Every structure is written in structure tokens, then in C-alpha cells.
Amino acid sequence: MTLSIILGTRPEIIKMSPVIRECQRIGLDHFILHTGQHYSYNMDRVFFDELKLPYTKYNLEVGSGAQGEQTAKMMMGIEKVLMKEKPEAVLVQGDTNTVLAGVLAAVKLGIKTGHVEAGLRSYDRRMPEEINRVLADHCSDQLFAPTEKCKKTLLGEGIIEDRIHVTGNTIVDAVYQNRKLAKERNTLEELEITPGEYFLVTVHRQENVDDRVRFSKLLKGVEEVGKEFNIPVIYPIHPRSKKMMQELGIKTDGNIKFIDPVMFLDFLNLENGARLVLTDSGGVQEETCILGVPCVTLRDNTERPETLDAGSNLLSGIEPGKIIECAHRMLDGNKGWVNPFGDGKAAERIVKLI
Ligand code: UD1
Ligand code: UDP
């Protein structure tokens with residue numbers, strides 16, 4: 001049987017890497033179809049190189065664009081490849097436009113489809129990701145839910161139990177597989193920062209950075225939290241956020257150290273060494289929970305409530321006073337939480353089920 005693995009963005013490459021490795025290990029015939037949603041070296045190719053993944057058989061080079069335009073171009077390209085290659089199954093991961101395009105193109109051709117990281121919900125339909133998650137879950141044949149909570153959500157939406165498998169999240173596999181390799185790198189030394197003596201920030205969500213008032217307030221909150229604790233703040237800035245800072249003319253007062261996005265191994269080191277992480281990223285909420293690092297999420301909701309239940313994460317929204325309060329609460333709190341996202345064998349289970 002042939003499996004088509006469809007991906008297109010940074011988190012998909014990282015979270016699919018254990019699945020690709022598992023396919024290689026057991027000799028399952030597969031090929032990677034990259035939509036080209038992400039294309040800058042440090043958002044795309046760097047991860048294939050550092051994680052030693054085979055490069056993609058197809059890259060549609062769709063690039064950036066409006067939601068509908070980007071998704072439609074991907075669907076057209078994916079359909080052509082699937083019609084030519086005729087794989088028995090398609091696998092997608094997460095909640096990006098690549099996922100929606102992949103699932104829609106495949107199911108309409110009658111190809112069995114699996115969705116990795118199924119059953120996550122923010123219940124915020126303003127997020128493009130929420131629409132993508134719901135549609136991907138309802139159209140896919142096999143749903144690989146990271147936790148029992150996600151399974152319950154899917155059952156609550158009327159999805160039949162036979163289609164749902166609780167596997168754990170492949171990000172645990174990716175963290176476990178790369179932790180040791182990361183230790184060999186001098187990430188913190190090169191940035192001249194000391195373990196436990198900095199805060200790490202990532203912000204890139206459309207609803208946070210595309211709005212001038214919201215993004216300015218959020219960055220102000222991040223600056224103030226740095227001042228409150230008298231600690232440097234490092235922000236590997238996503239290209240979307242960098243573009244929006246320029247377009248919207250947003251300036252900061254020099255308290256945040258902006259750096260380019262880094263490779264996964266360096267980012268693991270940055271997370272691991274941070275006293276606190278402030279983020280609106282989905283993957284970063286999970287990784288901090290797995291690594292035992294306190295996290296404050298600069299959003300009003302999360303599709304990862306397991307992190308709130310575990311006690312590794314608090315939702316602050318973007319008001320500076322609330323961000324500072326949450327930072328204090330996380331730093332004063334108990335750090336002995338249990339990782340709810342599985343044992344690092346999610347990819348093995350998923351490939352077996354396929
Ligand atoms: C996308 C996903 C988001 C995910 C994020 C991971 C959707 C709707 N959004 O958001 O869920 O969390 O990826 O990082 O699918 N850009 C570059 N180089 C790149 C990629 C993007 O410069 O390689 C810039 C472009 O200016 C582009 C902007 O970033 O317009 C946004 O890119 P896009 O892929 O549309 O969305 P993301 O914000 O990356
Ligand atoms: N990441 C990275 N380098 C960076 C920032 C993040 O390798 O400079 C990794 C991080 O470890 C995580 C993933 O990118 O695995 C998260 O991606 P992102 O925040 O872009 O997307 P989301 O998870 O919100 O969809």
C-alpha cells in the first residue's frame with residue numbers, strides 16, 4: 001500500500017517527522033506531498049535537514065495568499081498529484097489550510113484519509129484553524145486523537161467511535177527523539193543567555209498580530225513582564241509577525257530581543273532553559289508541558305485545555321496587567337505536573353492503525 005503524507009508548514013513537518021521515521025522503519029511505501037504553504041528556509045527546509053527527513057517528492061509551491069485563494073490552489077495541486085499517484089491512503093496533521101485542502105481533495109477522490117491530532121477545539125470560529133479542525137475531523141476516515149478528552153469531544157459531535165483512536169500526540173515522540181541531539185548544541189551560549197535567566201516569547205496567531213491595537217498591547221505586556229522580573233525577553237519572530245510589525249508601524253522600546261526563527265533543536269534548548277514561556281502557539285503550549293517549563297498563553301482560549309488541567313499553562317489574554325499576574329502565578333506555582341500528551345509512541349500506533 002502507498003501512503004501520501006501531506007504537509008506544508010513548520011509545525012506539520014516537526015509533528016509528522018516521527019510518523020515519517022516510523023514509515024521508513026517498517027518499510028511502508030510513502031511519499032511526501034508539500035503544499036509550499038511555508039517556504040522560507042528557516043520555516044521549512046531547515047527542519048528536513050536537521051531532522052534528516054527525505055525531501056518531498058512533490059512541492060506545489062503554493063506560497064502565501066488569502067485564505068480561500070491559498071486553500072483552493074492547494075486543493076487543485078493536491079488533486080492532480082493524488083490522481084496520478086493513486087495512494088491507498090492520505091495522512092494530514094493539525095489544523096492549517098494545508099490540512100483542510102489535503103482532506104477535501106482526498107475524500108472527494110474516495111481515498112481513505114487519516115487526521116493526526118484530531119478532536120482539538122478552541123470553540124472560537126473566528127480562527128481559521130478552528131474551521132480547518134472541525135472540517136478535517138468530520139471528513140476523515142480515521143481520527144488519531146492525542147488524548148481521551150479529544151476523543152470525548154469527537155464523540156460529542158456525533159462521530160462514530162470506530163473511527164477514533166487515542167494515540168497520544170506525535171510532538172511527544174518528536175521531543176523525546178530530539179532532546180539528546182539538542183543538548184549537543186550551544187544555543188544559549190551563542191545567544192549569550194543563561195539557563196533560567198530569560199523569558200521566551202512566540203506570537204504569530206492571525207487574531208493577535210494582524211490587528212494593530214491588539215499586537216501593540218500584547219508586545220507592551222511582554223515588555224512589561226520583562227521589566228517586572230528584570231529579565232531579558234527573547235522572541236524568535238515568525239515571518240507573519242515581522243511583516244505585520246513593519247506594515248502596522250509597531251515599535252518596541254528595546255526590551256525584547258528579536259531573533260530570526262530558529263531550528264527545532266535550538267528551539268527545544270530555548271524552551272528548556274527559559275524561566276517562563278509566553279506564547280500563542282499551539283505546539284509551544286504542548287512542548288512546555290512536556291518539558292516541565294511554565295507557560296502563559298497570550299490568548300483568551302485554547303484548544304489544548306489538557307495543559308490548563310495539568311497546571312503547566314495559564315490563559316492571560318493580552319492585557320499587560322493580566323499577563324504579569326499570570327506570570328507570577330506560574331512562577332510561584334508547583335512545577336511537578338504530569339504530561340497528558342502520551343508516552344512518545346504515538347507515531348508507532350498511528351502507522352500500525354493505518
Ligand atoms: C500558518 C497556519 C497556522 C500555524 C502557522 C505555523 C493557517 C490558516 N495558518 O499560519 O495555523 O500556526 O502556519 O507557523 O493555515 N511567511 C513567510 N515565509 C514562510 C511562510 C510565511 O515569509 O515560509 C509570511 C508571509 O508574509 C505570509 C505570512 O507569513 O503572508 C503568513 O503565512 P501563512 O502560511 O498564511 O500563515 P501563518 O501565519 O504562517
Ligand atoms: N519552533 C521552531 N523554531 C522557532 C519557533 C518554533 O522550531 O523559532 C517550533 C516549536 O518547537 C514547535 C513548532 O515550531 O514545535 C510550533 O510552530 P508554530 O508556533 O509556528 O505553530 P503552531 O504550533 O501554533 O501551529
Side-chain angles (χ1 to χ4, degrees), residues 7-15 34-47 59-74 93-101 120 122 124-133 200-223 233-252 256-264 266-267 270-271 277-287 295-304 317-318:
L7 46 74
T9 67
R10 169 168 75 184
E12 293 162 72
I13 303 165
I14 293 170
K15 286 178 166 175
H34 193 317
T35 58
Q37 180 171 348
H38 283 180
Y39 45 85
S40 302
Y41 178 76
N42 59 14
M43 296 297 288
D44 171 25
R45 187 70 196 239
V46 67
F47 303 107
N59 190 323
L60 304 175
E61 295 180 3
V62 164
S64 311
Q67 295 287 320
E69 180 196 359
Q70 188 184 47
T71 311
K73 278 187 187 160
M74 288 177 192
Q93 189 286 329
D95 55 20
T96 65
N97 289 344
T98 292
V99 170
L100 177 63
L120 278 67
S122 67
D124 181 353
R125 290 277 172 116
R126 289 169 304 177
M127 297 174 72
E129 293 86 354
E130 183 72 358
I131 311 289
N132 296 343
R133 286 178 200 120
L200 176 68
V201 175
T202 81
V203 179
H204 76 281
R205 291 248 96 78
Q206 180 178 312
E207 62 274 19
N208 273 339
V209 305
D210 286 16
D211 180 280
R212 187 173 198 285
V213 174
R214 206 172 158 90
F215 198 14
S216 306
K217 194 181 270 187
L218 194 157
L219 288 174
K220 180 123 196 61
V222 169
E223 281 180 332
V233 177
I234 313 290
Y235 180 3
I237 187 164
H238 188 286
R240 175 185 210 109
S241 318
K242 189 173 179 177
K243 181 182 78 175
M244 292 318 295
M245 277 187 80
Q246 282 160 357
E247 272 183 20
L248 302 171
I250 298 174
K251 303 253 182 308
T252 50
I256 302 174
K257 183 177 164 126
F258 292 94
I259 58 171
D260 285 332
V262 297
M263 56 196 268
F264 183 52
D266 286 334
F267 196 76
L270 282 177
E271 287 179 301
V277 176
L278 300 126
T279 192
D280 65 5
S281 157
V284 175
Q285 290 175 63
E286 292 159 352
E287 286 164 359
C295 179
V296 170
T297 294
L298 306 161
R299 290 173 48 189
D300 301 315
N301 55 51
T302 179
E303 57 293 313
R304 273 98 176 162
I318 57 151

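Along the sequence shown, the residues carry numbers beginning at 1. A quick note: this is a predicted structure, and the numbers were derived from the prediction, not measured.
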Contact summary for [X] and [Y], nearest pair of heavy atoms:
X	Y	answer
Ser64	Gln70	CA-NE2, 3.8 Å
Met43	Pro239	SD-CD, 3.6 Å
Arg10	Pro261	NH1-CB, 3.7 Å
Pro236	Leu270	CG-CD1, 4.3 Å

[X] and [Y]: side-chain donor and acceptor closer than 3.5 Å?
X	Y	result
Thr35	Thr98	yes
Thr9	Gln37	no
Asn42	Asp260	no

Is any side-chain heavy atom of [X] closer than 4.5 Å to a side-chain heavy atom of [Y]?
X	Y	result
Phe267	Val284	yes
Thr202	His238	no
His34	Asp44	yes

Can any side-chain N or O of [X] pair as donor or acceptor with the backbone N or O of [Y] at less than 3.5 Å?
X	Y	result
Thr297	Arg299	no
Asn208	Leu298	yes
Glu130	Ser122	yes

When rounded to the nearest 0.5 angstrom, what is the spacing between [atom1] in [X] and [atom2] in [Y]?
X	Y	atom1	atom2	result
Glu271	Asp266	CD	CG	11.5 Å
Phe215	Glu247	CZ	CD	11.5 Å
His38	Arg240	NE2	CZ	8.5 Å
Thr302	Gln285	OG1	CD	3.5 Å
Leu219	Lys251	CG	NZ	12.5 Å
Arg214	Glu207	CZ	CD	7.0 Å

Do Glu303 and Glu129 pass the side chain to side chain contact (heavy atoms under 4.5 Å, CB included) test, and can you show the C-alpha distance, the side-chain angles, and the key distance before you say yes or no?
-> CA-CA 10 Å; Glu303 57 293 313; Glu129 293 86 354; over 6 Å; no
Pick from Thr252, Val233, Val201, Ile234: which one makes a side-chain contact (heavy atoms from CB on, under 4.5 Å) with Phe258?
->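 For Phe258, the side-chain contact (heavy atoms from CB on, under 4.5 Å) test succeeds with only one of Thr252, Val233, Val201, Ile234, which is Thr252.
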Identified side-chain contact (heavy atoms from CB on, under 4.5 Å) counterpart of Arg133 within the set Leu120, Val99, Thr96, Leu100 |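 Single side-chain contact (heavy atoms from CB on, under 4.5 Å) partner of Arg133 among Leu120, Val99, Thr96, Leu100: Leu120.
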Given the rule in the side chain to side chain contact (heavy atoms under 4.5 Å, CB included) test, do Met245 and Ile237 qualify, once you have shown the distances and angles that lead to the verdict?
-> CA-CA 10 Å; Met245 277 187 80; Ile237 187 164; 3.8 Å; yes
Please walk me through it: do Arg205 and Met127 pass side chain to side chain contact (heavy atoms under 4.5 Å, CB included)?
-> CA-CA 9 Å; Arg205 291 248 96 78; Met127 297 174 72; 3.9 Å; yes
